[in-house]
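I have placed the structure first, in the form of structure tokens, so that the comments after it can refer back to it.
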Amino acid sequence: MKVIHSISELKETLCASRREGKTVGLVPTMGALHDGHASLVKRSVAENDVTVVSIFLNPTQFNDPKDLERYPRTLDADCALLEACGAQIAFAPSVKEVYPEPDTRVFSYPPTDSVMEGAFRPGHFNGVCQIVSKLFAYVEPDKAYFGEKDYQQICVIRRMVDDLGLGLEIVACPVVREESGLARSSRNTLLTEQERGIAANIYRVLKESCHLVAGVQAVHDFVVTKINAVPGLEVQYFSIVDGNTLADIKDWKDSESVVGCITVFCGSTPIRLIDHIRYK
């Protein structure tokens, strides 16, 4: 596996692959890789001739400097995992390489990017679109792979791909969970073992809510009340939305695709965890 740090070397390497008629898959990451990322890489390796995995902790999508500061950085371990998964290229540029000048582009796709994470983390999705659009331009992939844990992010990126008329396929891959049900996340490494056990209640309650015979508001209230009743957990938001536009729904009949998206603070630090459940 090649570890590449410059955009020019990346493009040169991929041009040679394309001259040979090879297909290219891209897995964008911010590092601190885990089994969830590994599942994306393995799928890309199975479906493409060349798999590029970017490892870049993108500063423009963090609206909280403290969150950026404490995000795990594990490049050596990340590269070892990628090589074991069969990736051909790890692209690990510096911030200066990606942003030689400030990126002033503005992306706006309401309501998809203005609700939930968009409301609680102003500028987050603009930063996501900035870096993902750059990666798409560098790599020009045939397919790009994203985990469904970041459900809203996938919806926003699909809007951006349509808006920019990019000819690539966005592949959404299932959430990978720990045995407890906790969605695998780089942020899980910041939890204590006790907090990981507490955090498992998030998915447990979401699954319970799928069996309720009740209206949308009643299901919403059930989830928030049950999770907030667990010591060490505090719901920031829980939204039951259309699975494509992410607009709130008030009745199950309002959409053929309904998803519940949640963000919960866990522990004394606290660590911000996201998850979702599909109702239909």
Side-chain angles (χ1 to χ4, degrees), residues 36 61 63 107-126 128-129 132 146-163 169-178 180-185 187 198-266 270 272-280:
Q61 68 190 71
N63 63 321
F107 298 84
S108 181
Y109 306 111
T112 311
D113 66 346
S114 58
V115 298
M116 300 187 298
E117 293 296 283
F120 284 93
R121 300 176 67 188
H124 169 67
F125 285 122
N126 196 65
V128 168
C129 288
V132 173
F146 296 87
E148 284 191 334
K149 182 183 75 69
D150 298 295
Y151 187 87
Q152 185 174 9
Q153 175 177 272
I154 293 175
C155 293
V156 172
I157 289 170
R158 282 184 167 144
R159 289 283 303 273
M160 182 191 74
V161 167
D162 289 344
D163 178 45
E169 180 184 349
I170 300 299
V171 182
C173 301
V175 178
V176 175
R177 299 185 180 276
E178 299 182 3
S180 66
L182 177 63
R184 291 198 178 274
S185 168
R187 296 176 191 272
I198 293 169
N201 286 286
I202 299 169
Y203 189 57
R204 178 184 63 78
V205 172
L206 289 175
K207 286 198 300 181
E208 283 182 21
S209 73
C210 290
H211 303 296
L212 294 180
V213 181
V216 172
Q217 187 62 48
V219 170
H220 171 277
D221 294 347
F222 169 85
V223 168
V224 173
T225 300
K226 291 274 285 189
I227 291 178
N228 282 342
V230 178
L233 296 183
E234 181 182 353
V235 175
Q236 183 177 44
Y237 69 79
F238 177 54
S239 299
I240 300 177
V241 299
D242 178 273
N244 298 310
T245 67
L246 305 187
D248 282 333
I249 68 165
K250 298 187 180 302
D251 190 286
W252 300 115
K253 297 178 182 178
D254 290 346
S255 173
E256 294 181 358
S257 172
V258 179
V259 177
C261 298
I262 196 164
T263 291
V264 181
F265 290 110
C266 178
R272 194 172 183 273
L273 304 174
I274 65 174
D275 208 338
H276 73 279
I277 196 83
R278 186 174 288 280
Y279 289 111
K280 67 172 183 175

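Inspection of the S209 and Y279 side chains reveals an N or O donor paired with an N or O acceptor under 3.5 Å. Checking S257 against R278 by side-chain atom types alone, a donor-acceptor pair falls below 3.5 Å.
Without hydrogens or angle criteria, D163 side chain to R159 main chain gives no donor-acceptor distance under 3.5 Å. Remark: side-chain polar atoms of D221 are not paired, donor with acceptor, to backbone N or O of A218 under 3.5 angstrom.
Shortest non-hydrogen contact noted between R158 and A172 is NH2-CB, 3.9 Å.
I157 is listed as a side-chain neighbour of F146, based on a closest heavy-atom distance under 4.5 Å. The closest side-chain heavy-atom distance from I227 to N201 is not below 4.5 Å. The shortest side-chain heavy-atom distance between D275 and R177 falls under the 4.5 Å cut-off. The shortest side-chain heavy-atom distance between W252 and I240 falls under the 4.5 Å cut-off.
Remark: Y151 pairs with H276 by the ring pair (Phe, Tyr, Trp, His ring centres under 6.0 Å) rule, at least two apart or across chains.
Tested against Y237, the residues V224, V115, T263, I262 include a single side-chain contact (heavy atoms from CB on, under 4.5 Å) partner, T263. When each of I274, L273, I154 is checked for a side-chain contact (heavy atoms from CB on, under 4.5 Å) with K149, only I274 meets the rule.
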